[in-house]
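These figures come from a predicted structure and were not determined experimentally. Order of listing sets the numbers, starting from 1, for every ligand and every atom in it. Nothing fancy with the numbering, it's 1 onward along the sequence.
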Amino acid sequence: MACNIHDESVSSAATCAYETKPQQSGIDIEATTLEMEAFRGPRKMNGSVSVTQKDEIGMICMTWKDVWVTASNRKNGSKSILQGLTGYAKPGQLLAIMGPSGCGKSTLLDTLAGRLGSNTRQTGEILINGHKQALSYGTSAYVTQDDTLLTTLTVREAVHYSAQLQLPDTMSKEEKKERADFTIREMGLQDAINTRIGGWGCKGISGGQERRVSICIEILTRPKLLFLDEPTSGLDSAASYYVMRRIATLAQNDHIQRTVIVSIHQPSSEVFQLFNSLCLLSLGKTVYFGPASAATEFFASNGFPCPPLMNPSDHLLKTINKDFDQDIEVGLAGTKSMPTEEVIHILLNSYKSSERNQEVQNEVAVLSKKDTSSLDMKRGNAGFLNQCLVLTKRSFINMYRDLGYYWLRLVIYIALAITLATVFYDLGTSYDSIKDRGSLVAFINGFITFMTIGGFPSFVEVMKVYQRERQNGHYGVTAFVIGNTLSSIPYLLLVTFIPGAISYYLPGLQKGCEHFLYFICVLFSSLMLVESLMMIVASVVPNYLMGIITGSGIQGIMLLLCGFFKLPNHIPKPVWKYPLHYVAFHTYANQGMFKNEYEGLRFASNEVGGGYISGEENLYCLSISPSVRDAKVVTDPNTARSKGYGFVKFSDENERNRAMTEMNGVYCSTRPMRISAATPKKTTGAYGAPAAPVPKPVYPVPAYTSPVVQVQPPDYDVNNTTIFVGNLDLNVSEEELKQNSLQFGEIVSVKIQPGKGFGFVQFGTRHVLQEMTIDTFIPNDTKILHDGRINIITGPNFSGKNIYLKQFLSMKLASVNPIFYDLASDLDTLLVRPELIHFTTLALTTVENRRDMAIRTDLKSNFSSSVGMIVVYRVLFLVIIKIKEKMKPVVVSLSCMSASPKRTIQVLENPNATPLH
Ligand SMILES: Nc1ncnc2c1ncn2[C@@H]1O[C@H](COP(=O)(O)OP(=O)(O)OP(=O)(O)O)[C@@H](O)[C@H]1O
């Protein structure tokens with residue numbers, strides 16, 4: 001009879017684990033088993049496992065009594081998944097949890113393993129060896145339903161790395177390798193040892209082998225308690241049998257006497273024979289618990305005999321599956337005539353009142369009271385440093401072999417860089433290149449970094465593996481973050497360097513190794529930042545499609561708020577400017593790259609008369625006083641034309657006072673400005689008319705260099721050959737200045753303002769001026785300079801006004817913020833032009849506050865901002881994972897195992913149990 005295939009000896013399992021004979025049927029003692037025995041020395045005597053007192057130490061006997069699990073969600077309220085389950089699992093036995101889909105198999109397994117979700121509530125009593133105690137690392141293992149493995153590794157690598165991570169440092173590397181190889185053979189994987197696990201785009205080992213690799217990894221530590229969720233799902237019957245036979249072998253033929261609990265869907269008759277005990281569930285209740293071989297008898301005694309030649313498990317499951325009751329109504333259910341709900345009701349009641357149930361209750365009571373054994377508490381996994389090393393190495397290999405991680409990105413980046421280089425080829429130093437350079441740099445910062453998101457799917461796969469390994473306590477989140485960070489650095493450098501060099505040198509961005517290196521550093525840190533950001537996203541949103549959408553959204557917001565598309569002072573302050581503008585890494589990347597790109601360059605002006613605009617001018621034109629809060633030009637409501645006056649609001653009183661002096665006389669558009677204090681309007685609180693009559697412009701001279709210069713209308717005299725030389729020693733004579741200037745060409749005249757520290761040199765030809773820069777105009781005798789620095793203004797449009805404004809700019813910059821001092825002193829060398837003056841003053845009055853956008857004097861601070869953010873992001877990722885881990889296992893009113901990383905199992909104190917020593 002097909003239904004009576006089980007060995008009678010198995011029924012004795014219900015009495016006591018340590019008296020139980022191992023099941024013989026269907027399990028051949030294989031070479032691997034013999035090998036295993038050889039590995040530890042023979043244990044088998046007369047076909048049964050001899051269990052010595054020493055062996056009992058560390059064995060696990062698990063009991064659960066009246067366990068209820070309720071899940072709650074906002075939509076459907078609460079729902080009972082498990083209802084008053086009682087049972088036990090003993091060492092050396094394989095307990096199968098079976099039932100129709102949705103009956104609660106996985107939930108029971110998760111409950112026993114302490115992995116219930118946070119929306120569930122659990123009550124009941126779960127005890128390990130009758131005690132409340134913690135299981136140390138390696139004592140239990142859980143093989144999940146999905147095989148989350150690194151698909152790029154070979155079987156050997158996957159198991160070897162896992163062994164390096166899980167096994168304690170007290171074992172040598174060789175011993176760990178030996179253990180890994182042995183376990184691979186134990187699981188029958190020796191033929192596939194060098195085959196990659198495989199996944200998308202690369203066929204590797206079969207599904208059954210994958211399952212065995214997952215099991216292999218979890219049994220490396222020789223756990224005493226093994227949970228397997230659907231170990232045969234997705235496998236054909238032959239593969240299912242071989243996998244289950246290995247598992248049964250683990251439980252029974254190993255002198256360790258493991259306790260194995262398996263949830264399984266639909267075992268074949270051969271697989272069914274391998275089970276020692278069976279827990280049959282329906283609708284979250286126990287239909288049957290006891291020896292697997294006696295289940296069909298129980299069904300038969302209730303009027304549901306197993307038809308001849310039918311697989312007993314098929315019969316059991318078909319009898320209690322009510323999902324297709326509709327078929328009964330329409331006559332598709334064959335001979336089945338009674339509604340399944342009624343069948344289940346009969347079986348539930350019968351089991352409740354059966355002797356079998358009584359036996360189970362008695363057994364649970366006995367096992368809960370019995371002080372069976374203490375657990376081995378000394379195990380531990382590899383040390384932190386070792387874990388970091390192994391994880392770095394493993395991650396490096398995975399990144400190398402996974403085409404989607406970096407290689408594909410590298411190809412796309414190179415293609416993008418070539419496109420960029422073609423579009424922006426040879427920018428030169430024309431007037432248009434000012435804008436082009438800015439666009440190119442902003443695009444690289446925005447889009448190239450954005451593309452880093454492409455590696456997210458690969459990272460999600462890594463995260464899945466991490467989560468499994470973490471839940472099983474293989475290593476900690478810190479080691480994972482360090483490993484991932486270190487292993488990614490070489491690839492990120494590669495991905496940055498090659499496309500970076502193409503998009504830097506072909507368009508002809510600023511020459512000089514230090515400029516290129518800075519560019520690479522900023523790009524590298526931006527890429528790393530996005531990777532860190534995506535790590536955070538992956539920790540919150542595990543689905544890669546949702547993750548990509550979320551990551552893109554976050555980056556889109558950052559890009560928008562970085563100050564490139566909307567000036568920082570125009571960004572609405574709550575939330576968008578504070579804090580998001582400062583959180584956006586593009587802000588710092590743009591600042592650094594702009595400065596790196598413009599500083600030290602000279603661009604041809606497109607204005608009449610030619611000449612140059614320096615990079616610093618470009619930067620400066622993008623900047624203005626940070627304390628200006630508002631500016632308004634008063635217009636005629638009828639004509640909408642300016643009434644010729646307006647208001648500028650400063651937040652800093654000192655700066656306001658300074659502006660009162662300094663802005664006076666500065667040209668705004670075609671007229672010099674006249675500045676006076678405004679008084680708030682009494683009625684509206686708005687600004688009223690100027691408090692005092694507008695004074696006549698006096699064009700005061702800044703205190704910085706104090707030359708008295710009358711501001712003249714802009715000089716468009718193209719024949720002008722005069723240069724201004726400032727910062728002269730007060731005692732320098734005109735003759736001395738002449739001698740120093742002779743080297744540049746024929747001199748017509750030299751004039752020094754007595755006691756003012758500046759003078760003018762008129763050359764014979766314009767040619768000299770066109771070529772003249774600070775670099776060339778180094779006086780022979782530096783003693784003529786006031787403090788060793790030259791101060792020169794030249795250019796075809798040089799005029800008194802230029803001098804005034806140049807000094808105004810220098811002083812303004814230096815006074816606004818001391819960090820601008822260097823820049824201010826650089827400005828001494830500027831070729832200041834009237835159109836620039838116009839532009840700058842206009843910018844001032846219209847509050848084009850681009851200070852944050854364009855000028856950060858210290859390049860290092862931009863780079864270190866990014867590096868700091870990388871650290872912050874990675875730490876944030878770490879913290880989120882830790883919080884999630886803390887939140888996940890909710891230990892409810894009664895006992896359960898904790899899924900905490902330390903893999904402790906917390907068990908409710910049994911009042912009858914004697915304490916452990
Ligand atoms: N955390 C949860 N929140 C809400 N409902 C849950 C939760 N866990 C399980 N359930 C529900 O409990 C029922 C049992 O789920 P469980 O996964 O244990 O079934 P199963 O027997 O393992 O099913 P299958 O064999 O199909 O995997 C299902 O209806 C499921 O939707």
Side-chain angles (χ1 to χ4, degrees), residues 64 67-87 89 95-124 126 142-148 207 211 214 226-235 237 240 243-244 260-268 271-272 275 277-289 295 311 313-314 316-325 340-341 344 347-348 467-468 471 542-543 884-885 887-893 896-899:
W64 56 99
V67 168
W68 287 73
V69 173
T70 315
S72 54
N73 64 37
R74 277 185 210 151
K75 246 187 178 177
N76 306 323
S78 62
K79 162 187 171 188
S80 283
I81 304 173
L82 300 183
Q83 301 177 32
L85 304 190
T86 300
L95 166 68
I97 302 170
M98 277 174 54
S101 180
C103 68
K105 299 183 292 293
S106 302
T107 308
L108 176 58
L109 206 67
D110 285 349
T111 309
L112 300 179
R115 289 178 173 233
L116 280 178
S118 53
N119 69 329
T120 50
R121 238 185 88 78
Q122 172 206 326
T123 58
I126 302 169
Y142 191 110
V143 181
T144 52
Q145 199 167 336
D146 312 309
D147 297 310
T148 41
R211 289 265 68 193
S214 299
L226 188 58
F227 298 98
L228 297 115
D229 192 7
E230 311 268 6
T232 59
S233 71
L235 305 187
S237 60
S240 302
V243 168
M244 282 310 297
V260 183
I261 306 177
V262 175
S263 82
I264 194 162
H265 247 293
Q266 187 121 25
S268 65
V271 170
F272 191 75
F275 304 149
S277 309
L278 176 68
C279 172
L280 196 59
L281 301 179
S282 179
L283 309 173
K285 295 175 192 155
T286 310
V287 173
Y288 173 82
F289 190 99
N311 174 358
S313 65
D314 285 351
L316 301 179
L317 293 173
K318 197 176 163 203
T319 310
I320 57 172
N321 192 335
K322 76 177 223 10
D323 292 347
F324 301 95
D325 268 9
T340 315
E341 215 155 313
I344 294 169
L347 288 169
L348 284 172
Q467 269 153 6
R468 173 181 63 73
Q471 267 202 324
N543 174 298
K884 277 180 81 175
E885 277 170 1
M887 281 166 61
K888 202 169 178 201
V890 179
V891 181
V892 204
S893 55
C896 83
M897 280 196 262
S898 157

> Looking only at the side chains, is there a donor atom on one of Thr70 and Arg121 sitting less than 3.5 Å from an acceptor on the other?
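No - no donor-acceptor pair under 3.5 Å links their side chains.
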> Counting each atom of ligand 1 from 1 as listed, which ones have a heavy atom of Ala71 under 4.0 Å away?
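Those atoms are 2 (C), 3 (N), 4 (C), 5 (N).
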> With side chains defined as the heavy atoms from C-beta onward, is the minimum distance between Arg468 and Tyr142 less than 4.5 Å?
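Result no, sub-4.5 Å side-chain heavy-atom pair not found.
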> For a side-chain contact (heavy atoms from CB on, under 4.5 Å) with Ile261, tell me which candidate from Leu228, Leu226, Ile97 qualifies.
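Among Leu228, Leu226, Ile97, the one meeting side-chain contact (heavy atoms from CB on, under 4.5 Å) with Ile261 is Ile97.
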> Show the atoms of ligand 1 that are less than 4.0 angstrom away from any heavy atom in Ile81.
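Contacts of ligand 1 toward Ile81, numbered from 1: 6 (C), 7 (C), 8 (N), 9 (C), 10 (N), 11 (C), 12 (O), 13 (C), 14 (C).
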> How does Thr120 reach ligand 1, if at all, at less than 4.0 Å between non-hydrogen atoms: by side chain, backbone, both, or neither?
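Under 4.0 Å from ligand 1, Thr120 contributes side-chain atoms alone.
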> Show the atoms of ligand 1 that are less than 4.0 angstrom away from any heavy atom in His265.
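Per the distance check, 24 (P), 25 (O), 26 (O).
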> Just by modelled atom types, is the Val271 backbone N or O under 3.5 Å from a matching donor or acceptor in the Ser268 side chain?
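Checking the backbone N and O of Val271 against the side chain of Ser268, a donor-acceptor pair under 3.5 Å is found.
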> Report yes or no: does a heavy atom of Cys103 sit under 4.0 Å from some atom of ligand 1?
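For ligand 1, residue contact (heavy atoms, under 4.0 Å) with Cys103 is present.
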> Considering only the protein, which heavy-atom contact is closest to atom 26 (O) of ligand 1, and what is its distance?
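Heavy-atom neighbour on the protein nearest atom 26 (O) of ligand 1: Ser101 OG, 2.5 Å.
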> Out of Thr111, Leu281, Val69, which residue meets the side-chain contact (heavy atoms from CB on, under 4.5 Å) rule with Leu85?
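Single side-chain contact (heavy atoms from CB on, under 4.5 Å) partner of Leu85 among Thr111, Leu281, Val69: Leu281.
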> What part of Asn119 sits under 4.0 Å from ligand 1 if we count only heavy atoms: the side chain, the backbone, both or neither?
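Near ligand 1, Asn119 shows its side chain, while the N, CA, C and O stay back.
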> For Gln145 and ligand 1, answer yes if some heavy atom of the residue is under 4.0 Å from a ligand atom, otherwise no.
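The answer is no, since Gln145 has no heavy atom less than 4.0 Å from ligand 1.
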> What residue and heavy atom of the protein are closest to atom 27 (O) of ligand 1, and at what distance?
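I find the closest protein heavy atom is Glu230 OE2, 3.7 Å.
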> Donor-acceptor pair, distance only, cut-off 3.5 Å: does the side chain of Ser263 make one with the backbone of Glu230?
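A pair under 3.5 Å: yes.
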> Just list the side-chain donor-acceptor pairs under 3.5 Å for residues 101-108, sequence neighbours left out, or say none.
{"residue": "Lys105", "atom": "NZ", "partner": "Gly99", "partner atom": "O", "Å": "2.9"}
{"residue": "Lys105", "atom": "NZ", "partner": "Pro100", "partner atom": "O", "Å": "3.2"}
{"residue": "Ser106", "atom": "OG", "partner": "Asp229", "partner atom": "OD1", "Å": "3.3"}

> Identify, for atom 17 (O) of ligand 1, the protein heavy atom at the shortest distance, and state residue, atom and that distance.
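It is Ser106 CB, 3.7 Å.
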> Say whether, by atom type as modelled, one donor and one acceptor occur between the side chain of Asp146 and the main chain of Thr148 under 3.5 angstrom.
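The answer is no, because no donor-acceptor pair under 3.5 Å joins these two groups.
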> Tell me, which protein residue and heavy-atom name are nearest atom 18 (O) of ligand 1, and how many Å apart are they?
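Its nearest protein heavy-atom neighbour is Thr107 OG1, 2.5 Å.
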> How close does the nearest protein non-hydrogen atom get to atom 25 (O) of ligand 1, and which residue and atom is it?
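For this ligand atom, the closest protein heavy atom is Lys105 NZ, 2.8 Å.
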> Looking at every heavy atom in both Phe227 and Leu109, which two are closest together, and how far apart are they?
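So the two residues come closest at CD2-CD1, 3.9 Å.
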> Return the closest protein heavy atom for atom 30 (C) of ligand 1 as residue, atom name and distance.
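The closest one turns out to be Lys79 NZ, 4.2 Å.
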> Does ligand 1 come near enough to Gly102 that some N or O of the ligand is less than 3.5 Å from an N or O of the residue?
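Yes - when backbone and side-chain N and O of Gly102 are compared with those of ligand 1, one distance drops under 3.5 Å.
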